[in-house]
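These notes concern the structure reproduced below.
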Amino acid sequence: MDSAELIAWVLDNLNYWVVTVFMAVESSFIPFPSEVVVPPAAWLAMSKGEMSIVLVVVFATLGADIGALFNYYLAKWLGRPVVYKFADSRIGHMCLIDRQSVEKAERYFRDHGAASTFFGRLVPAVRQLISIPAGLAGMRIDHFLLYTTLGAGVWNSVLAFIGYLIYRAMPDVGPERVVEEATKYSHEIGYVILALAVVIIGVLVYKGVQKKKTV
């Protein structure tokens with residue numbers, strides 16, 4: 001079964017279990033676009049009422065947590081030399097992982113600290129790999145799960161909202177068209193959400209610093 005056939009199967013069999021499994025796959029190092037899962041599932045929830053948009057987000061986030069934990073423990077147990085050896089291998093390249101992408105994820109983790117597991121879930125090309133430097137650094141598992149769940153929840157809510165908007169604009173199209181439309185806008189919206197999150201946190205940090213100065 002090639003990728004096109006797999007995507008067609010997913011779109012023909014969308015339910016909560018399929019959402020969970022394939023969002024776990026998407027959140028691991030195996031390349032699979034989240035736009036193929038959450039937006040059409042949200043669209044189906046609106047058009048056919050077979051699923052709930054809220055539960056689509058919940059199960060998608062659960063799947064993202066599972067995939068992230070897989071990457072986290074794999075990196076923690078294998079260590080940096082093995083991870084980079086895999087990134088340099090042919091199999092790693094087939095999974096769309098190379099040394100440059102892992103180094104980028106590590107820099108992102110170092111620059112943003114523990115909260116990078118939240119912010120990283122909103123950044124294309126970093127989202128699937130941010131769990132690897134967290135595992136390499138031995139980040140506390142409770143903090144990792146908290147930030148991962150929050151970040152994945154925000155991203156999946158964005159994707160579900162895109163599916164909802166597509167339904168409102170084009171209620172008679174099929175899931176394949178939903179995927180096309182969602183793919184057009186998801187990355188741009190993700191960057192907007194990331195920018196807003198950075199601004200909000202920056203304001204909160206600034207207010208906290210100012211408050212300490214006045215005490």
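Ring geometry, Tyr147 versus His143: the interplanar angle exceeds 60°, so the pair is classed perpendicular (tilted spans 30 to 60°). Between Phe59 and Tyr16, the ring-plane angle classifies as parallel under the 30° and 60° cut-offs.
Linking Ile, Leu, Val, Met, Phe, Trp and Tyr residues whenever their side-chain heavy atoms come within less than 4.5 Å places Trp43 and Trp9 in a single cluster. Under a hydrophobic-cluster definition in which Ile, Leu, Val, Met, Phe, Trp and Tyr are linked whenever side-chain heavy atoms come within less than 4.5 Å, directly or via other members, Val37 and Val58 are assigned to different clusters. Hydrophobic clustering, with ILVMFWY side chains joined whenever heavy atoms are under 4.5 angstrom apart, groups Leu55 together with Leu44. Hydrophobic clustering, with ILVMFWY side chains joined whenever heavy atoms are under 4.5 angstrom apart, groups Leu69 together with Val21. Leu14 is connected to Met170 through a chain of hydrophobic side-chain contacts under 4.5 Å among Ile, Leu, Val, Met, Phe, Trp and Tyr, so both are in one cluster.
Under the 4.5 Å side-chain criterion, counting only non-hydrogen atoms from C-beta, Met23 is in contact with Ser34. Under the 4.5 Å side-chain criterion, counting only non-hydrogen atoms from C-beta, Pro39 is not in contact with Glu180.
Just one residue in the list Leu11, Ile166, Leu159, Val10 forms a side-chain contact (heavy atoms from CB on, under 4.5 Å) with Pro40, and that residue is Leu11.
Smallest separation of non-hydrogen atoms from Ala68 and Phe144: O-CZ, 3.6 Å. Closest approach of Val56 to Val19, counting heavy atoms only: O-CG1, 3.9 Å. Of all the heavy atoms in Thr149 and Leu145, the pair that sits closest is OG1-O, 2.7 Å. Nearest approach of Ser131 to Arg121, heavy atoms of both residues: OG-NH1, 4.2 Å. Smallest separation of non-hydrogen atoms from Gly153 and Val57: O-CG1, 4.1 Å.
Atom CE of Met139 sits about 9.5 Å away from atom CD1 of Ile130, to the nearest 0.5 Å. Separation of atoms CG (Asp172) and OG (Ser47) is listed at 9.5 Å; rounding is to 0.5 Å. Here the CD1 atom belonging to Ile132 is positioned 10.0 Å from the CZ atom belonging to Phe70, to the nearest 0.5 angstrom. With rounding to the nearest 0.5 angstrom, the OG1 atom of Thr117 is 10.5 Å from the OH atom of Tyr72. Rounding to the nearest 0.5 Å gives a distance of 6.0 Å between CZ of Arg168 and CE of Met46. Distance CD1/Ile141 to CG/Leu146: 11.5 Å, rounded to 0.5 Å.
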Q: Any chance you could lay out the side-chain contact (heavy atoms from CB on, under 4.5 Å) test for Phe118 and Val154, step after step, and finish with the verdict?
A: CA-CA 9 Å; Phe118 169 76; Val154 170; 4.1 Å; yes
Q: Might you work through the side-chain contact (heavy atoms from CB on, under 4.5 Å) test for Leu6 and Phe22, ending with a clear yes or no?
A: CA-CA 11 Å; Leu6 179 60; Phe22 281 91; 3.9 Å; yes
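Using modelled atom types, one finds no donor on one side chain facing an acceptor on the other under 3.5 Å when comparing Ser28 with Asn71. Looking at Asn156 and Thr61, their side chains do bring a donor and an acceptor atom within 3.5 Å of each other.
Proximity of a side-chain donor or acceptor of Ser27 to a complementary backbone N or O of Ala64 within less than 3.5 Å is detected.
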